[in-house]
Number of protein chains: 4
Amino acid sequence: MTFPSNSDSVSGEQLRAFIERIERMQEERAAISDDIKEIYAEAKGNGFDTKVMRIIVKERGMDRAERLETESLLDIYRAALGMSGPIDDE
Amino acid sequence: MTFPSNSDSVSGEQLRAFIERIERMQEERAAISDDIKEIYAEAKGNGFDTKVMRIIVKERGMDRAERLETESLLDIYRAALGMSGPIDDE
Amino acid sequence: MTFPSNSDSVSGEQLRAFIERIERMQEERAAISDDIKEIYAEAKGNGFDTKVMRIIVKERGMDRAERLETESLLDIYRAALGMSGPIDDE
Amino acid sequence: MTFPSNSDSVSGEQLRAFIERIERMQEERAAISDDIKEIYAEAKGNGFDTKVMRIIVKERGMDRAERLETESLLDIYRAALGMSGPIDDE
DNA sequence: CACTGGAAAATGCCGC
DNA sequence: GCGGCATTTTCCAGTG
């Protein structure tokens, strides 16, 4: 067994090809993640608050439906807990 | 450039630029994730068991990571013992 | 060496005691984390949206100063990006 | 307020109960974290190097985790190969 | 006291 | 559709 021309080795080659393609893509993806971190770092270096920036990015990434859904549920939950208004200045 | 004359928008352009760069990279990253999914799907279509494939990918990744991990643990120990540098003629 | 009554073994005992106390506390802490997860699961089982619940918990956990600070920065950033109003129905 | 008979508040009480349980547990957890800090401080006061102590704690934790980790990795393999149960007389 | 790194939490994904 | 797993993100403690 393990002869070059039998069916096992053929699938083996194919499998290896798939695995390596995946690994390559994963590396690329990780590199991009690093880039994103760098951009945030750069923004921070320019005086921006990255925490707030992340919220903004998330907001923009949500589509309208999602956003409304979450907002209205939040309102309902807040109301149920009596957290409705800004008037809780003890 | 970036006419600062309006105090509100002092860093608005810059902020926008950062945000858009981030969004662009996130899109790229998402695209790659999709590619990875496609590869798995393709492999599945060729009769491979994706579950096993994922294990293999993970294992190879850990093997590679483990080497570095060991190194860095050594570094921690050295640091804790004040042996940071190769020359310990303090 | 390693005689019971020399200074080394005394510190050794003391060190062991410290370490074990720490480990005990860490376990307790982990157990509580698990409990929290369970509560969320239970809430989910009762039809609540845990994602929204987590936002609520976070909001309540923030003190007023923090909350106002974050909110006002968000407004500033949104304004800088022209995300001010709900009137972006393209 | 928060009268049971108001349909809006149907689950308000329940929600409040969940939230408060969570907040309570979070406080307990934070208290334990403080305790851990205190123990380190105490050890430091007794002449121990907390940096080294942390390494030891981490190491012991990893050793323990590693046993379980290996077990669970085995489980994954078994599952992937359809060997889930101890009796494979299918 | 800001930064970095590592732990913990949250989100999304896959398989059942 | 749900539960569990993997990844990603967030947070926090330690460090310089």
Side-chain angles (χ1 to χ4, degrees), chain A residues 22 25-26 29-30 32-38 40-42 44-45 47 49-55 57-58 61-62 66 70, chain B residues 22 25-26 29-30 32-34 36-41 43-44 49-55 57-59 61-62 65 68-69 72-73 75-76 79-80 84, chain C residues 22 26 29-41 44-45 47 49-58 61-62 66 70, chain D residues 22 25-26 29-30 32-41 44 49-55 57-59 61-62 65 69 72-73 75-77 79-80 82 84:
Chain A
I22 290 165
M25 310 245 77
Q26 285 185 342
R29 189 174 52 178
I32 293 178
S33 288
D34 288 348
D35 289 346
I36 293 175
K37 270 183 216 137
E38 275 181 54
Y40 275 116
E42 195 185 337
K44 181 178 202 159
D49 181 322
T50 59
K51 182 181 175 185
V52 174
M53 282 179 69
R54 286 174 195 276
I55 295 174
V57 169
K58 183 177 282 188
M62 273 184 163
E66 242 178 315
T70 300
Chain B
I22 289 165
M25 310 245 75
Q26 285 186 342
R29 187 174 53 179
I32 293 177
S33 289
D34 287 348
I36 293 174
K37 270 181 227 160
E38 275 181 53
I39 300 177
Y40 275 115
K44 185 174 201 161
D49 181 327
T50 59
K51 193 173 192 175
V52 174
M53 282 179 68
R54 285 174 195 277
I55 292 173
V57 170
K58 170 179 296 191
E59 233 195 3
M62 295 208 319
L68 305 177
E69 188 57 32
S72 94
L73 194 59
D75 290 344
I76 293 173
S84 340
Chain C
I22 289 165
Q26 285 185 341
R29 190 173 51 177
I32 293 177
S33 289
D34 287 348
D35 289 346
I36 293 175
K37 271 182 215 139
E38 275 182 52
I39 299 177
Y40 275 116
K44 180 177 201 161
D49 182 323
T50 59
K51 182 181 175 185
V52 174
M53 281 179 68
R54 286 173 195 278
I55 294 174
I56 295 273
V57 169
K58 181 177 285 188
M62 273 184 163
E66 242 178 313
T70 300
Chain D
I22 289 165
M25 311 245 74
Q26 285 186 343
R29 189 174 52 180
I32 293 177
S33 288
D34 288 348
D35 289 346
I36 293 175
K37 267 182 227 157
E38 276 182 51
I39 300 177
Y40 275 115
K44 185 173 201 162
D49 180 329
T50 59
K51 192 174 190 174
V52 173
M53 281 180 68
R54 285 174 195 279
I55 293 173
V57 170
K58 173 177 293 189
E59 231 197 5
M62 295 207 318
E69 187 57 31
S72 93
L73 194 59
D75 290 344
I76 293 173
Y77 273 71
S84 338

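Proteins get letters first, then strands, A, B, ... in listed order; numbering begins at 1 in each.
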ask   = To the nearest Å, how far apart are B:L68 CG and E:dG5 C1'?
value = 16 Å
message = How long is the straight-line distance from CG of B:L73 back to NZ of D:K58, given to the nearest 0.5 Å?
response = 8.0 Å
task = To the nearest Å, give me how far apart CE (B:M53) and P (E:dC14) are.
result = 13 Å
Length of the CG-P vector between C:D35 and E:dA8, whole Å = 15 Å
Protein-nucleotides 12-16 of chain F N/O pairs closer than 3.5 Å?
unit_1, atom_1, unit_2, atom_2, d
F:dG14, OP1, D:R54, NH1, 2.7
F:dG14, OP1, D:R54, NH2, 2.3

task = Hey, could you give me the OG/CD distance between C:S33 and D:Q26, rounded to the nearest 0.5 Å?
result = 9.0 Å
request  = Please name all residues satisfying salt bridge (charged side-chain N to carboxylate O under 4.0 Å, His left out) with C:K37, sequence neighbours left out, ordered by chain then number.
outcome  = C:D34
key: B:M25 CE - F:dT8 P separation (whole Å)   = 15 Å
message = Could you tell me how far apart C:I55 (CD1) and F:dC11 (C1') are, to the nearest whole angstrom?
response = 17 Å
message = Just verifying a value: how many Å separate B:R54 CZ and B:E59 CD, rounded to the nearest 0.5 Å?
response = 15.5 Å
ask   = Yes or no on side-chain contact (heavy atoms from CB on, under 4.5 Å) for B:I36 and A:R29, after CA distance, side-chain angles and deciding distance?
value = CA-CA 10 Å; B:I36 293 174; A:R29 189 174 52 178; 3.8 Å; yes
B:I32 to A:M25 - nearest heavy-atom pair and separation = CG2-O, 3.4 Å
Atom-pair distance (CE on D:M62; C1' on E:dG6), nearest Å = 12 Å
Short heteroatom pairs, N/O only, protein and nucleotides 5-7 of chain F, under 3.5 Å:
unit_1, atom_1, unit_2, atom_2, d
F:dA6, OP1, B:K58, NZ, 2.2
F:dA6, O5', B:K58, NZ, 3.3

side-chain contact (heavy atoms from CB on, under 4.5 Å) between C:Y40 and C:V57, worked out = CA-CA 11 Å; C:Y40 275 116; C:V57 169; 3.7 Å; yes
request  = State, with a plain yes or no, whether a side-chain heavy atom of A:M62 is found less than 4.5 Å away from one of A:T70.
outcome  = yes
key: Side chain to side chain, D:I22 and C:M53, heavy atoms closer than 4.5 Å   = yes
message = Applying a 4.0 Å non-hydrogen cut-off, can you work out what A:K44 is touching in the nucleic acid: base, sugar-phosphate, or nothing?
response = sugar-phosphate
task = Could you tell me the separation between the CD1 atom of D:I22 and the C1' atom of E:dA8, rounded to a whole number of Å?
result = 16 Å
